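Values in this document were obtained by computation on a predicted structure and should not be read as measured data.
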Amino acid sequence: MARLAKFILLSLLSLARTYASAIGEPVLDGHTGAPTLVGHNAERVLFNLQVSKDHPLSLPDSLTPPYILEIRAKSNKPWAINWGKSQLLVQWQHSAKGTDYDQLSIQARYNDEIISFPTDAKKDDLPISLWVKVDSIITIAAGYDTLSEPVTVGNRTPRGNPFFISTWGKVDVEELRITFLDEPEKLVTTGLSREDVMERLAATSDPIERLWVYFDRENDPDRVRLGGKYTLATLANVDGGYDIIYMDGAEIQADKWQPGMLKGKLTPTSFTGRYNLMWIDAVMQPMDSQWEGQAEVNLANGILTLYFPLISAQLRFNSN
């Protein structure tokens with residue numbers, strides 16, 4: 001625990017723009033019980049995971065750089081962080097014979113570039129901590145008790161989906177922490193005002209473009225709590241689906257949510273009135289495809305239903 005605390009402290013001290021305004025307990029928007037926990041408004045944390053050749057670990061596809069990955073893991077085989085076709089391959093190796101052979105170095109390959117640097121870890125020191133900053137370049141550090149000096153690898157921002165961790169053997173991940181380095185508000189800003197949204201709705205002939213007012217919910221309060229009794233708008237987007245726009249009603253971080261901000265996206269499926277749902281939670285972080293969110297628009301009854309099956313929750317909104 002002391003090593004992990006030191007690792008996290010060193011990482012945070014190296015960043016002037018990490019955010020640590022805790023919210024107490026996770027929320028649905030704010031969510032708990034599923035693969036990811038929200039620790040505060042700028043982090044996602046996962047614990048006690050196993051990655052193998054046949055079972056890679058999927059990560060949120062919608063992450064936007066800059067962000068930091070902190071991984072504390074045990075593995076005796078190479079493993080990789082993948083962004084679509086881009087890959088950061090990580091491998092531990094002994095120092096050259098004739099020196100301290102028990103000392104471990106790390107070799108990292110990002111696409112075609114390879115770097116190698118020493119760490120304070122010995123051959124029996126497990127788990128090892130890996131720190132990766134993802135921005136216009138990748139910066140990497142590693143260690144057991146103390147992180148090495150950060151070094152850079154690659155000269156372009158890794159982008160692309162799917163985003164996952166893979167291995168040729170087995171990786172026991174004790175903790176994986178994602179720290180977002182940009183203000184969450186930037187992720188949800190659309191440039192729309194309340195007046196802009198209302199003008200769009202007044203001029204539309206699309207029956208799905210309308211206002212939706214919170215109606216009711218079904219959820220387990222031990223697993224999830226509501227971020228607010230929202231008023232939302234749905235507006236057609238250039239992708240053939242609909243943007244869910246926040247209008248009113250936030251209770252969690254009410255001072256940050258402004259009318260016109262993005263609250264989610266609806267992507268059409270092959271079933272009429274059914275959509276895949278990307279929902280943005282109360283702390284302005286996306287609940288993407290790994291959450292298997294679904295939405296149903298029932299125009300006859302004027303009901304929009306949002307389903308979150310992995311946390312046994314649903315929200316309903318009324319437009320009548």
How far does [atom1] of [X] sit from [atom2] of [Y], to the nearest 0.5 angstrom?
X	Y	atom1	atom2	result
F308	D281	CZ	CG	9.5 Å
Q314	D216	CD	CG	7.0 Å
S75	I165	OG	CD1	11.0 Å
S129	R72	OG	CZ	3.5 Å
E292	Y307	CD	OH	15.5 Å
L89	I114	CG	CD1	8.5 Å

If you take all heavy atoms of [X] and [Y], which pair is closest and at what distance?
X	Y	value
P118	S105	CA-OG, 3.7 Å
G293	P309	CA-CD, 4.5 Å
K256	M261	O-CE, 3.3 Å
G260	V197	CA-CG2, 4.4 Å
P207	L299	O-CD2, 3.7 Å
A233	L201	CB-CD1, 4.3 Å

**OP:** Please assess L130 against V90 for the test side-chain contact (heavy atoms from CB on, under 4.5 Å), listing each intermediate value before the final yes or no.
**Re:** CA-CA 9 Å; L130 181 71; V90 178; 4.0 Å; yes
Original post:
side-chain hydrogen bond (donor to acceptor under 3.5 Å, both in side chains) between T231 and W212: does it pass, once the steps are laid out?
Top reply: CA-CA 6 Å; T231 297; W212 303 92; over 6 Å; no
**OP:** Go through the steps for M247 and M198 under the test side-chain contact (heavy atoms from CB on, under 4.5 Å), then give the verdict.
**Re:** CA-CA 10 Å; M247 297 296 282; M198 297 308 295; 3.9 Å; yes
Subject >> Derivation and outcome, side-chain contact (heavy atoms from CB on, under 4.5 Å), residues I244 and L277 >> reply: CA-CA 10 Å; I244 302 173; L277 170 67; 3.8 Å; yes
Main-chain N/O of [Y] paired to [X] side chain as donor or acceptor, under 3.5 Å:
X	Y	result
T305	R316	no
N237	G241	yes
T167	P78	yes
N82	F164	yes
D120	T146	yes
T269	F271	yes
Q50	V171	no
R200	E195	no
D243	I245	no
T119	A142	no

Within one Ile-Leu-Val-Met-Phe-Trp-Tyr cluster: [X] and [Y], side-chain cutoff 4.5 Å:
X	Y	value
W168	V173	no
V153	W83	yes
I208	L315	yes
L211	V297	yes
L235	V213	no

Original post:
So, R210 and S319: side-chain donor and acceptor under 3.5 Å apart, yes or no?
Top reply: yes
Subject >> Side chains of W79 and S166, donor plus acceptor under 3.5 Å >> reply: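 No, no side-chain donor-acceptor contact under 3.5 Å.
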**OP:** Apply the side chain to side chain contact (heavy atoms under 4.5 Å, CB included) test between K229 and each candidate in F317, F215, Y214; give the one that qualifies.
**Re:**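 The side chain to side chain contact (heavy atoms under 4.5 Å, CB included) with K229 is passed solely by Y214 among F317, F215, Y214.
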Original post:
In terms of heavy-atom contacts, does CD of E251 have more than 12 from other residues, nucleotides or ligands at under 6.0 Å?
Top reply: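 Result for CD/E251: enclosed.
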**OP:** Please check if atom CZ in R274 has more than 12 non-hydrogen atoms from other residues, nucleotides or ligands closer than 6.0 Å.
**Re:** yes
**OP:** Give the ring-plane orientation class for W257 versus Y246, where under 30° counts as parallel, over 60° as perpendicular and anything between as tilted.
**Re:**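 W257 and Y246: tilted rings.
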Is [Y] close to [X] at the side-chain level, that is, under 4.5 Å between some pair of heavy atoms?
X	Y	answer
I140	V151	yes
R109	Q91	no
I106	I128	no
T139	V132	no
P150	W131	yes
L176	L57	yes
K263	Y230	yes
E70	I68	yes

**OP:** Indicate yes or no: does E175 engage R177 in a salt bridge with an N to O separation below 4.0 Å.
**Re:**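 Yes.
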**OP:** Step by step, work out the side-chain hydrogen bond (donor to acceptor under 3.5 Å, both in side chains) result for Q87 and Y110.
**Re:** CA-CA 6 Å; Q87 183 183 79; Y110 178 58; over 6 Å; no
**OP:** With K265 as the cation and W279 as the aromatic partner, state whether NZ or CZ is under 6.0 Å from the six-membered ring centre and within 45° of the axis.
**Re:** no
**OP:** Answer yes or no on whether K133 is positioned over the face of Y67, meaning its NZ or CZ is under 6.0 Å from the six-membered ring centre and within 45° of the axis.
**Re:** no
